[in-house]
Amino acid sequence: NAVSPFVYTSRAQRVVFGPGSLEGLAAELDALGLRRALVLCTAPQRAQAERVAALLGADRVAGIFDQAAMHVPIEVARQARQAAREHGADCAVAVGGGSTIGLGKAIALEAGLPVIAVPTTYAGSEMTPIYGITEAGLKKTGKDERVLPRSVVYDPELSMSLPAAMSATSGMNAIAHAAEGLYSADGNPIMDLMAQEGIRALARALPVICGGAAGQALQAARGDALYGAWLCGTVLGSVGMALHHKLCHTLGGSFNLPHAEVHTVVLPHALAYNAPAAPQAMQRIAAALGASDAAQGVYDLARSLGAPTALREIGMREQDLDQACDIALRTPYPNPRPLERAALRALLQDAYEGRRPG
Ligand code: NAD
């Protein structure tokens, strides 16, 4: 196969990875000339944020803001910006998943404060310049280099507390970034390599994490999964996504379905839809999964992890499938296979019922 023409842009971002790497967080701030951080987290992750604050030391902490919430409500973003101003913060340290890192990005966008990310899920937001803010029930998303975290500290120990069910769906969410990256309209060979390695790492690690492993085996798998999440997040931040991500955005935003679960359920069906138009990507996904077929491989992986495989299991109503189809067709975007109403509606029905792709 000859190499297709491509454009590759690299991003200026530091990544520090490894068990115990959190100890080096203060040095990351120093290296960037930052002095006082507002530490961001959700209420349930307050204890982890306090540990981070203790590691930074009182002089370097402007405060802890523990109200991060799903989809970054604008009111919360405003409160966080005000807290940053009042306490003289010159940066935000986001400790958590995509919601908390998203709050950091909202502060970066409006107040210009740089973000240091300490990810605790596999969603991958820390590696992207993509932000989302929800105002009056509408989620506005955009892309701005100012929101890209300057430094990312990946410490697998922080992910030890991520429950197995969330590890499974969050890991499938990461695999979805890599899978769509492999057939992206603006893909490139570097991202293809990262995507394949990311899928391999997660497909290896998730069964161990969800299979009740403990001790060193679990620690190693947590490391592998976070490594995979980094790779997959980088792909998400570098190349355009297609049908799968658009569908998940529609289902999550318009029908209020949980983010990582929707990704888990829809991915096999989006891949089955695109398979005839992207054979090389499908081969690569299947090989990275150790499966003979990409769509069946992700479906079987989700099943084996005990993750949801049907939209009806996660709160979707059958009578809303037509509307979901309409919304998904409204704004055109690049996708390997053209969007055809009947086929897309069939995809949604399959996902609703949780059928194994044929
Ligand atoms: P999340 O950040 O909403 O976290 C879900 C819950 O898990 C929260 O209560 C959180 O506190 C808890 N949690 C996180 N890590 C934990 C840990 N290690 N131990 C115990 N509990 C933990 O979930 P998410 O899936 O990471 O992020 C989803 C959001 O991120 C969505 O809004 C999505 O749109 C956004 N996102 C954005 C991008 C981007 O590039 N902008 C990429 C991926 C996801």
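Owing to the predicted nature of the structure, the values given are computational and were not obtained by experimental measurement. Just so you know, ligand 1 is whichever comes first in the structure, and atom 1 is the first atom listed for that ligand. Values below: all heavy atoms of this structure, side chains included; hydrogens, waters and symmetry mates excluded.
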Measure the distance from [atom] to every protein heavy atom, then report the residue, atom name and distance (to 0.1 Å) of the closest one.
atom: atom 38 (C) of ligand 1; answer: Ser125 CB, 3.5 Å
atom: atom 19 (N) of ligand 1; answer: Ser161 OG, 2.7 Å
atom: atom 44 (C) of ligand 1; answer: His259 NE2, 3.6 Å
atom: atom 43 (C) of ligand 1; answer: Ala123 O, 3.4 Å
atom: atom 24 (P) of ligand 1; answer: Gly98 N, 3.5 Å
atom: atom 14 (C) of ligand 1; answer: Gln45 OE1, 3.2 Å
atom: atom 1 (P) of ligand 1; answer: Ser99 OG, 3.4 Å

Item to complete: Could you pull out, from Glu261, Arg222, Met166, the option with a heavy atom nearest to atom 7 (O) of ligand 1?
Response: Met166
Discussion item. Heavy atoms only: which of His177, His263, His71, Lys139 lies closest to atom 34 (O) of ligand 1?
Written reply: Lys139
Fill in: ring pair (Phe, Tyr, Trp, His ring centres under 6.0 Å) evaluation trace for His269 with His244
CA-CA 8 Å; His269 306 287; His244 169 77; over 10 Å; no
Proximal atoms of ligand 1 relative to [X] (non-hydrogen, under 4.0 Å):
X: Lys105; value: 39 (C), 40 (O), 41 (N)
X: Leu236; value: 40 (O), 42 (C)
X: Gly97; value: 2 (O), 26 (O)
X: Thr42; value: 10 (C), 11 (O)

Ligand 1 to [X] polar contact by distance, N or O atoms, under 3.5 Å:
X: Ile130; value: yes
X: Ser170; value: no
X: Tyr131; value: no
X: Thr120; value: yes
X: Met70; value: no
X: Thr128; value: yes
X: Leu158; value: yes

Worksheet item: Under 3.5 Å, is there a donor-acceptor pair between the side chain of Lys143 and the main chain of Tyr131?
Response: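 No, because the side chain of Lys143 does not come within donor-acceptor range (under 3.5 Å) of the backbone of Tyr131.
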List, one per line, each side-chain donor-acceptor pair under 3.5 Å for residues 200-219, sequence neighbours excluded.
from	atom 1	to	atom 2	distance (Å)
Arg200	NE	Glu197	OE1	3.3
Arg200	NH2	Glu197	OE1	3.0
Arg204	NE	Asp224	OD2	3.1

Discussion item. With a 4.0 Å cut-off on heavy atoms, is Met127 in contact with ligand 1?
Written reply: no
Charged N to carboxylate O under 4.0 angstrom, [X] versus [Y]?
X: Asp300; Y: Arg303; answer: no
X: Arg14; Y: Glu28; answer: yes
X: Asp59; Y: Arg35; answer: no
X: Arg11; Y: Glu145; answer: yes

Practice prompt. Please state which part of Leu162 comes within less than 4.0 Å of ligand 1, counting heavy atoms only: side chain, backbone, both or neither.
Written response: both
Practice prompt. Please state which part of Met160 comes within less than 4.0 Å of ligand 1, counting heavy atoms only: side chain, backbone, both or neither.
Written response: neither
Just checking, any donor-acceptor pair under 3.5 angstrom between side chains of [X] and [Y]?
X: Gln349; Y: Arg345; result: yes
X: Asn173; Y: Tyr122; result: no
X: Thr120; Y: Gln45; result: yes

Worksheet item: Using links of under 4.5 Å between side-chain heavy atoms of ILVMFWY residues, direct or through other members, which residues join Leu247 in one cluster?
Response: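 Its cluster mates, by chain and number, are Leu243, Leu251, Phe255, Leu257, Val262, Val265, Val266, Tyr273, Leu311, Ile314, Met316, Leu321, Ile327, Leu329, Tyr333, Leu339, Leu344, Leu347, Leu348, Tyr352.
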Discussion item. Pair Gln82, Glu86 - check side chain to side chain donor-acceptor pair (under 3.5 Å), show working.
Written reply: CA-CA 6 Å; Gln82 193 180 341; Glu86 278 173 8; 2.9 Å; yes
Worksheet, complete the sentence: Rounded to the nearest 0.5 angstrom, the OG-CD distance for Ser151 and Glu126 is 11.5 Å
Discussion item. Can you tell me which residue among Leu29, Val115, Leu38 is in a side-chain contact (heavy atoms from CB on, under 4.5 Å) with Val93?
Written reply: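 That would be Leu29.
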